[in-house]
Amino acid sequence: MRKKCGINAEKVLNAIEADSFIKTYEIADQIQLSQRTVENAIAKLKEEGFLKRIGSRKSGHWDVLE
């Protein structure tokens, strides 16, 4: 089901599954995408209900939903 979000979103989700405290710029470096592309993929994943942010932007973490 997650594949419908796209290849970039799938890569972002895999990076978040590996480290729920990862930052967007770290994801961008890790998967060789721009930070803006990563932010767009995260927004799409949140909209589709695959991802949720727990806590603040600075000290929070990601929760992968399925």
Side-chain angles (χ1 to χ4, degrees):
M1 282 285 215
R2 295 187 326 197
K3 297 284 185 192
K4 72 178 183 174
C5 289
I7 294 169
N8 290 340
E10 185 68 25
K11 289 178 183 179
V12 168
L13 205 52
N14 289 337
I16 290 171
E17 284 177 329
D19 179 6
S20 64
F21 290 91
I22 196 167
K23 310 260 189 287
T24 56
Y25 69 88
E26 294 171 328
I27 296 169
D29 286 343
Q30 183 178 341
I31 61 178
Q32 300 297 306
L33 294 172
S34 70
Q35 187 169 345
R36 185 68 185 150
T37 300
V38 170
E39 290 168 355
N40 288 338
I42 287 172
K44 190 172 191 175
L45 288 165
K46 286 167 65 175
E47 182 180 307
E48 295 289 330
F50 294 116
L51 193 61
K52 181 179 179 183
R53 183 73 178 174
I54 306 295
S56 69
R57 291 180 66 186
K58 190 168 186 171
S59 64
H61 67 277
W62 297 104
D63 188 19
V64 177
L65 310 171
E66 301 228 32

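Atom set for the values below is all heavy atoms of this structure, side chains included, hydrogens, waters and symmetry mates excluded.
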Student: Hey, what do you get for CG (Asn8) to CD1 (Ile42), rounding to the nearest 0.5 Å?
Tutor: 11.5 Å
Student: Say whether, by atom type as modelled, one donor and one acceptor occur between the side chain of Glu48 and the main chain of Leu45 under 3.5 angstrom.
Tutor: no
Student: Look up atom NZ in Lys23 and atom CD in Gln35, then write down how far apart they are to the nearest 0.5 Å.
Tutor: 11.5 Å
Student: Do you know the tightest heavy-atom contact between Ala41 and Ala9?
Tutor: CB-CA, 3.9 Å
Student: Give, for atom CD1 of Ile31 and atom OG1 of Thr37, the distance between the pair rounded to the nearest 0.5 Å.
Tutor: 9.0 Å
Student: Applying side-chain contact (heavy atoms from CB on, under 4.5 Å), name anything that partners Arg57, two or more places apart in sequence or on another chain.
Tutor: none
Student: List the atom pairs, with distances to 0.1 Å, where a side-chain N or O of residues 58-65 and a protein N or O form a donor-acceptor pair under 3.5 Å, not counting sequence neighbours.
Tutor:
unit_1 : atom_1 : unit_2 : atom_2 : d
Ser59  : OG     : Ser56  : OG     : 2.9
Trp62  : NE1    : Ile22  : O      : 3.4

Student: Roughly how far, to the nearest 0.5 Å, is CD of Glu17 from CG of Leu51?
Tutor: 9.5 Å
Student: If the condition is salt bridge (Lys or Arg N to Asp or Glu O under 4.0 Å), which residues does Glu39 pass it with, not counting sequence neighbours?
Tutor: Arg36
Student: Please enumerate all residues that pass side-chain hydrogen bond (donor to acceptor under 3.5 Å, both in side chains) together with Gln30, with sequence neighbours excluded.
Tutor: none
Student: With Ile27, which of Ile16, Asp19, Asn14 fulfils side chain to side chain contact (heavy atoms under 4.5 Å, CB included)?
Tutor: Ile16
